[in-house]
2 protein chains.
Amino acid sequence: MEPDAQRISERIERPSLSDIVCSRLEQMILSREIQPGKRINESKLSKVLGVSRAPIREACRQLEKLWMVEVIPRRGTFVREIEAEEVEDLYDLRAILDEYAGRKAASKIRKKDLSLLREHLSDMESATSQNDPGNYFRANLAFHQTIFDIAGNKSLPMIYEGITKRAALFRKSSLSIPGRLAVSLQQHKEIFEALSARDAAKTAELMKGHVMNAKQAIINSLDQP
Amino acid sequence: MEPDAQRISERIERPSLSDIVCSRLEQMILSREIQPGKRINESKLSKVLGVSRAPIREACRQLEKLWMVEVIPRRGTFVREIEAEEVEDLYDLRAILDEYAGRKAASKIRKKDLSLLREHLSDMESATSQNDPGNYFRANLAFHQTIFDIAGNKSLPMIYEGITKRAALFRKSSLSIPGRLAVSLQQHKEIFEALSARDAAKTAELMKGHVMNAKQAIINSLDQP
DNA sequence: AAAAAATAAACTGTCGACAGTCAGCTATCG
DNA sequence: CGATAGCTGACTGTCGACAGTTTATTTTTT
């Protein structure tokens with residue numbers, strides 16, 4: 001019997017073909033194997049991957065949900081392009097969402113939440129000392145998502161995922177800028193402190209500042225590439 | 001020749017079968033012909049509508065993008081349920097997005113923007129005097145979307161659409177509460193004034209207050225139904 | 001009679017095929 | 001020589017069918 005029919009989504013399940021194609025496509029897009037603006041050729045790709053067109057189409061729709069591609073009726077599926085200007089927009093949105101999440105999380109946080117955050121923080125710490133942007137990025141994402149969980153706004157994670165995936169299309173991440181990891185780490189430590197102190201205003205301010213800081217770092221790095 | 005290959009999305013095009021199925025489905029969901037939590041039976045629906053399953057699936061994926069349904073692998077597509085608690089979450093998100101948009105729009109607004117807003121305002125005015133929530137809703141949406149346009153954050157409208165469609169699943173809208181139309185109209189007039197004065201702080205505050213006010217109205221109406 | 005197992009029915013995932021549409025090329029016309 | 005119209009190849013939209021799962025039903029077991 002189903003103990004909780006509402007929460008069916010979270011069960012173990014092997015991925016369907018569409019899911020496999022989806023991650024494969026995401027990978028191809030992020031690695032620029034398929035370049036921005038280019039069309040995803042369904043029939044060609046289906047031959048390459050050895051599957052029919054149905055899972056390919058399914059995967060494209062999934063990626064559209066994440067704003068990574070744009071499906072144009074009767075024309076095809078195109079990898080989205082992203083301009084510096086739009087990256088700034090996305091960072092602005094991240095800033096206000098993080099600010100909100102920080103404020104809400106600070107007033108709700110519990111001991112076990114703090115220990116989970118501390119784990120992510122230590123992951124970020126070791127990634128920083130090994131100068132490993134990839135792992136830092138993951139731990140960083142986990143840190144922020146944990147704060148969302150604590151904040152408890154159920155709709156926030158979905159929105160945020162779209163924003164981050166879309167921003168990932170941009171060739172440059174703030175974390176790939178030399179010296180950024182250390183700065184970012186320090187900011188997360190401060191956020192952690194503010195959360196421990198249950199200081200909502202301070203947490204909100206730090207979260208916002210953190211994102212706006214990353215935004216500025218990107219803008220600066222573009223001016224002098 | 002294509003004058004602007006980037007902006008292909010906006011061209012005249014007759015709807016595909018999937019599009020028709022999609023709006024039909026949306027309608028069925030909002031009218032509760034298919035109830036929240038229920039599965040959308042692809043094969044059954046394909047017989048009813050006289051099309052194959054492919055357009056049906058396509059439409060479901062489209063609705064998933066708008067958070068109106070949840071697609072669970074190998075189980076089917078389910079109409080999303082929405083609790084009062086989540087409606088509050090959605091209003092919170094609308095509040096911070098509107099606040100942000102208001103601040104940004106106030107610093108960028110031009111004369112022709114103001115006249116467009118004035119038009120929407122007068123639409124809302126006549127809808128109010130005729131006590132027509134449907135038309136009021138549309139004019140209201142147009143008003144807010146115009147502010148987004150002025151703010152110029154390209155990603156904002158997409159996010160906002162998801163939030164509003166999702167909130168529409170809830171049986172009650174703040175605008176359906178007796179007396180709300182007049183209150184809402186007054187608030188929009190104040191927002192318009194603040195925008196005219198290019199007062200960013202004031203506009204932001206009013207926008208946020210307006211949404212939070214609507215949220216509170218819903219909460220109150222639920223306590224005493 | 002309640003729980004578990006086995007069976008049957010229904011449904012989704014995937015496939016290959018065909019038709020209508022679109023992009024690019026060639027030939028025609030001014 | 002440039003622009004337009006018609007043609008051609010390629011691709012997406014849609015279809016019906018089949019296979020593997022999931023759900024509902026029936027049978028068996030305790």
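Chain naming here is simple, since letters A, B, ... match the order of the sequence lines and numbering starts at 1 in each. Just so we're clear, the structure is a prediction, and the values are computed from it rather than from any experiment.
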Selection from C/dA23, C/dT14, D/dT14 that lies nearest to any side-chain heavy atom of B/Leu17: D/dT14
A/Leu49 CG - C/dC15 C1' separation (whole Å): 15 Å
Angle by which the axis turns from one end of the helix from C/dA1-D/dT30 to C/dG30-D/dC1 to the other, five pairs per end, to 10 degrees: 20°
Those residues that, when tested against B/Gln216, pass side-chain hydrogen bond (donor to acceptor under 3.5 Å, both in side chains) (two or more places apart): B/Asn220
Closest nucleotide among D/dT22, C/dA23, C/dT14 to the B/Arg74 side chain: D/dT22
Nucleotide D/dT14, atom C1' - distance to NZ of B/Lys47 in whole Å: 18 Å
Sugar-phosphate, base or nothing in reach of B/Leu45, heavy atoms under 4.0 Å: nothing
Residue B/Arg39, side-chain heavy atoms: nucleotide from D/dT14, C/dC11, C/dA23 that is nearest: C/dC11
Whole-Å distance separating the CG atom of B/Asp19 from the C1' atom of D/dT14: 13 Å
Per A/Arg57 side chain, nearest of listed nucleotides D/dC15, C/dT12, D/dT12: D/dT12
For B/His188, ring-ring contact (aromatic ring centres under 6.0 Å, His included) partners two or more places apart: B/Phe143, B/His144, B/His210
Nearest-neighbour nucleotide for the A/Lys44 side chain, D/dC11, C/dG16, D/dC15 considered: D/dC11
Partners passing side-chain contact (heavy atoms from CB on, under 4.5 Å) against B/Ser18 (at least two apart in sequence or in another chain): B/Ser16, B/Pro55, B/Glu58
Whole-Å distance separating the CG atom of A/Asn41 from the C1' atom of C/dA23: 13 Å
Nearest non-hydrogen partners of B/Ile109 and B/Leu195, listed with the distance: CG2-O, 3.7 Å
From C/dC15, D/dC15, D/dG13, nucleotide with atom closest to A/Glu42 side chain: D/dG13
CA sep, side-chain torsions, deciding dist, call: A/Arg61, B/Glu64, salt bridge (Lys or Arg N to Asp or Glu O under 4.0 Å): CA-CA 10 Å; A/Arg61 299 304 182 274; B/Glu64 192 191 16; over 6 Å; no
For B/Ala54, all residues meeting side-chain contact (heavy atoms from CB on, under 4.5 Å), sequence neighbours excluded: B/Ser52
Touch class at under 4.0 angstrom, heavy-atom based, for B/Ile56 against every strand present: nothing
Touch class at under 4.0 angstrom, heavy-atom based, for A/Arg53 against every strand present: base
Whole angstrom value for the distance that separates C1' of C/dG13 from CD1 of A/Ile20: 12 Å
Let me check something: any side-chain donor-acceptor pairs from residues 120-127 of chain A under 3.5 Å, sequence neighbours excluded? List them with distances.
{"residue": "A/His120", "atom": "NE2", "partner": "A/Thr146", "partner atom": "OG1", "Å": "3.2"}
{"residue": "A/Ser122", "atom": "OG", "partner": "A/Glu119", "partner atom": "O", "Å": "3.0"}
{"residue": "A/Glu125", "atom": "OE2", "partner": "A/Lys189", "partner atom": "NZ", "Å": "2.9"}
{"residue": "A/Ser126", "atom": "OG", "partner": "A/Ser122", "partner atom": "O", "Å": "3.3"}
{"residue": "A/Ser126", "atom": "OG", "partner": "A/Asp123", "partner atom": "O", "Å": "3.0"}

Side chain of B/Ser18 - closest among D/dC11, D/dT14, C/dG13: D/dT14
